[in-house]
Amino acid sequence: MDEHRIETERLTLRPPQPEDAAEVQRLAGDFRIADVTSSIPHPYPPELAQQWIERCAQDWASGTAANFIIIESASGKLVGSMALKDIGRGEAEVGYWIGVPYWSRGYASEACNALVDFAFQQLRLRRLHASHLARNPQSGRVLFKAGFRHLGLGHSQCGCQGKLEPVELYERVSGE
Ligand SMILES: CC(C)(COP(=O)(O)OP(=O)(O)OC[C@H]1O[C@@H](n2cnc3c(N)ncnc32)[C@H](O)[C@@H]1OP(=O)(O)O)[C@@H](O)C(=O)NCCC(=O)NCCS
């Protein structure tokens, strides 16, 4: 597959590059990110960002994930990350984080809408699913504004502390 890249009004979503590692570590190293995401440990190990970036390239090449770094186009600053994970059988899981200094600017919502279009139009996926901890409702707003449907409540060991907690489940089907 070719390199993946998405442009929105204010953002550029592009594949992670080795030079992103320090900023990924700084932003994803904030406990407020690790606390509510499924695969970010806290404290954030120094070598993890580099390993993650290498894995992203492999996963894109094998067609199993499309990971993006989110860049604020006007400043060139790295503001977060968004991904289609576990791609297979026409489906994928959506995941994301925005660095705390960039919260509440509408970036996650803008990026998620564009990611959904990319998933259905470029990758021809048919169904996306996502979940967030019940105590993290702002993530639900992102999904709602990207056209996801609320499916119900489940339980997952999502946050970095590994506790079983209630999670809200969502899906979006192509063409809806
Ligand atoms: C969830 C997250 C991605 C939202 O990013 P964002 O760029 O701030 O989101 P947006 O600006 O698009 O806003 C989305 C909604 O969240 C709300 N929101 C944003 N920051 C908030 C905050 N600190 N407290 C409460 N609500 C907040 C916004 O008001 C908006 O809701 P609205 O449309 O009803 O006004 C970001 O907070 C984050 O990365 N959190 C930690 C990681 C995470 O939760 N990842 C998802 C795991 S499922």
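Order of listing sets the numbers, starting from 1, for every ligand and every atom in it.
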Engineer: Taking the six-membered ring for Trp, are Tyr170 and His129 closer than 6.0 Å centroid to centroid?
Structural biologist: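 No, ring centres 6.0 Å or more apart.
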Engineer: So with a 6.0 Å cut-off around CZ of Arg135, is the heavy-atom count from everything else above 12?
Structural biologist: yes
Engineer: Angle class for the Phe118/His4 ring planes (parallel below 30°, perpendicular above 60°, tilted otherwise)?
Structural biologist: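 Phe118 vs His4 ring planes: tilted.
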Engineer: Filter the ligand 1-protein atom pairs down to N or O on both sides and distance under 3.5 Å, then list them.
Structural biologist:
from: ligand 1; atom 1: 7 (O); to: Ala108; atom 2: N; distance (Å): 3.0
from: ligand 1; atom 1: 8 (O); to: Ser104; atom 2: N; distance (Å): 2.7
from: ligand 1; atom 1: 11 (O); to: Arg105; atom 2: N; distance (Å): 3.4
from: ligand 1; atom 1: 11 (O); to: Gly106; atom 2: N; distance (Å): 2.7
from: ligand 1; atom 1: 12 (O); to: Ser109; atom 2: N; distance (Å): 3.0
from: ligand 1; atom 1: 12 (O); to: Ser109; atom 2: OG; distance (Å): 2.6
from: ligand 1; atom 1: 20 (N); to: Ser104; atom 2: OG; distance (Å): 2.8
from: ligand 1; atom 1: 33 (O); to: Arg141; atom 2: NH2; distance (Å): 3.4
from: ligand 1; atom 1: 33 (O); to: Lys145; atom 2: NZ; distance (Å): 2.7
from: ligand 1; atom 1: 34 (O); to: Arg141; atom 2: NE; distance (Å): 2.6
from: ligand 1; atom 1: 34 (O); to: Arg141; atom 2: NH2; distance (Å): 3.2
from: ligand 1; atom 1: 39 (O); to: Ile98; atom 2: N; distance (Å): 2.8
from: ligand 1; atom 1: 39 (O); to: Ile98; atom 2: O; distance (Å): 3.3
from: ligand 1; atom 1: 44 (O); to: Asn136; atom 2: ND2; distance (Å): 2.7
from: ligand 1; atom 1: 45 (N); to: Tyr96; atom 2: O; distance (Å): 2.8

Engineer: Closest heavy-atom contact between Val167 and His155?
Structural biologist: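 Minimum heavy-atom separation between Val167 and His155: CG2-N, 3.8 Å.
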Engineer: If every non-hydrogen atom of Leu133 is compared with every non-hydrogen atom of Val36, which pair is closest and at what distance?
Structural biologist: CD1-CA, 3.7 Å
Engineer: Would Ser139 and Tyr96 count as having a side-chain donor-acceptor pair, cut-off 3.5 Å?
Structural biologist: yes
